[in-house]
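Sequential numbering from 1 along the given sequence is applied to the chain's residues.
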Amino acid sequence: MQNFFDLSTTAKRFRFIAVLEAFTWLGLLIGMAFKYLPADGNEIGVKIFGPIHGAVFVLYLIVTVITALKLRWSVVTTVVAAIASVPPFGTVIFEVWAARNGHLAELSTQPTAVRKDAGIA
């Protein structure tokens, strides 16, 4: 595996933010579990991870637009990437799909020319 913290390209920055967004989702889900499952409802997890997740969510959307412009994603691919930020861990699922289908430049497992036959153009 390549160095995960290498942010030298647009695709590598997108991957990093997509995974970071998923981790903040996990923190928020754990915080919500502590808030809503016990009878006393400890809100500290939500108070900590709520703003962190919100900031990373907005950052993911910004990085998605920048990545879409630089890597020339179609409107459909860009919208799917944005929608992937809504369900928990959707950004990681999208990132894996995008890498497998040639949408993430040097991180992709298929050449860019194959991209048009990959489903979502």
Colleague: Look up atom NE2 in H103 and atom OG1 in T78, then write down how far apart they are to the nearest 0.5 Å.
Modeller: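 If I round to the nearest 0.5 Å, the distance is 9.5 Å.
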
Colleague: Test your reading of the model: is there a side-chain donor-acceptor pair from Y60 to the backbone of A81, 3.5 Å cut-off?
Modeller: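 At least one qualifying donor-acceptor pair exists.
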
Colleague: Atom CZ of residue position F89 - does it have more than 12 heavy atoms of other residues, nucleotides or ligands inside 6.0 Å?
Modeller: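 Enclosed.
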
Colleague: Starting from F94, can I reach L59 by hopping between I/L/V/M/F/W/Y residues whose side chains sit under 4.5 Å apart?
Modeller: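 L59 and F94: one cluster.
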
Colleague: Hydrophobic cluster membership, with links at side-chain heavy-atom distances under 4.5 Å among I/L/V/M/F/W/Y: are V58 and L61 in one?
Modeller: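 The answer is yes; both residues are in one hydrophobic cluster.
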
Colleague: Return the CG to NZ distance between N42 and K47, rounded to the nearest 0.5 Å.
Modeller: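 If we round to the nearest 0.5 Å, N42:CG and K47:NZ are 9.0 Å apart.
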
Colleague: Ignoring hydrogens, what is the shortest heavy-atom contact between V46 and K35? Give both atom names and the distance.
Modeller: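 Smallest heavy-atom distance, with atoms named: CG2-CD, 3.9 Å.
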
Colleague: Should E95 and T91 be marked as a side-chain contact (heavy atoms from CB on, under 4.5 Å) after you check the CA-CA gap, both sets of side-chain angles, and the distance that decides it?
Modeller: CA-CA 6 Å; E95 188 278 329; T91 56; over 6 Å; no

Colleague: Just verifying a value: how many Å separate W97 CH2 and L104 CG, rounded to the nearest 0.5 Å?
Modeller: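 So the CH2 of W97 and the CG of L104 are separated by 9.0 Å.
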
Colleague: So which atom in L71 and which in A105 form the shortest heavy-atom distance, rounded to 0.1 Å?
Modeller: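 Shortest heavy-atom contact: CD2-CB, 3.9 Å.
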
Colleague: Check whether the ring centres of W73 and F14 lie less than 6.0 Å apart, and answer yes or no.
Modeller: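 Between F14 and W73, which both carry aromatic rings, the centre distance is below 6.0 Å.
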
Colleague: I'd like to check P88 versus L29 (side-chain heavy atoms, cut-off strictly below 4.5 Å). Are they in contact?
Modeller: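 Counting from C-beta outward, P88 and L29 do come under 4.5 Å.
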
Colleague: Give a yes or no on whether V92 and V86 share a hydrophobic cluster (residues Ile, Leu, Val, Met, Phe, Trp, Tyr; joining criterion: side-chain heavy atoms under 4.5 Å apart).
Modeller: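 No; tracing contacts between hydrophobic side chains, which count when under 4.5 Å, never links both residues.
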
Colleague: About how many Å separate CG of L20 and CD1 of I52, when rounded to the nearest 0.5 Å?
Modeller: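 Output value for this atom pair is 9.5 Å.
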
Colleague: Test of understanding: clusters of I, L, V, M, F, W, Y form through side-chain heavy atoms closer than 4.5 Å, transitively. Do I62 and V80 belong to the same one?
Modeller: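 Cluster IDs for I62 and V80 match.
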
Colleague: What's the separation between atom CZ in F57 and atom OG in S85, rounded to the nearest 0.5 Å?
Modeller: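 Output value for this atom pair is 4.0 Å.
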
Colleague: Can you name the nearest heavy-atom pair linking L28 to H53, along with the distance?
Modeller: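 What the structure gives for the nearest pair is CD2-CD2, 3.8 Å.
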
Colleague: Let me confirm one number: the OG1-CG distance from T77 to N101, rounded to the nearest 0.5 Å.
Modeller: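 Spacing of OG1 (T77) from CG (N101) equals 9.0 Å.
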
Colleague: Measure across K12 and L7 and return the closest heavy-atom pair with its distance rounded to 0.1 Å.
Modeller: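 Closest approach of K12 to L7: O-CD2, 4.0 Å.
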
Colleague: State yes or no: do M32 and I30 share one hydrophobic cluster built from I, L, V, M, F, W and Y residues joined by side-chain heavy-atom distances below 4.5 Å, directly or via other members?
Modeller: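 Yes, M32 connects to I30 through the hydrophobic network.
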
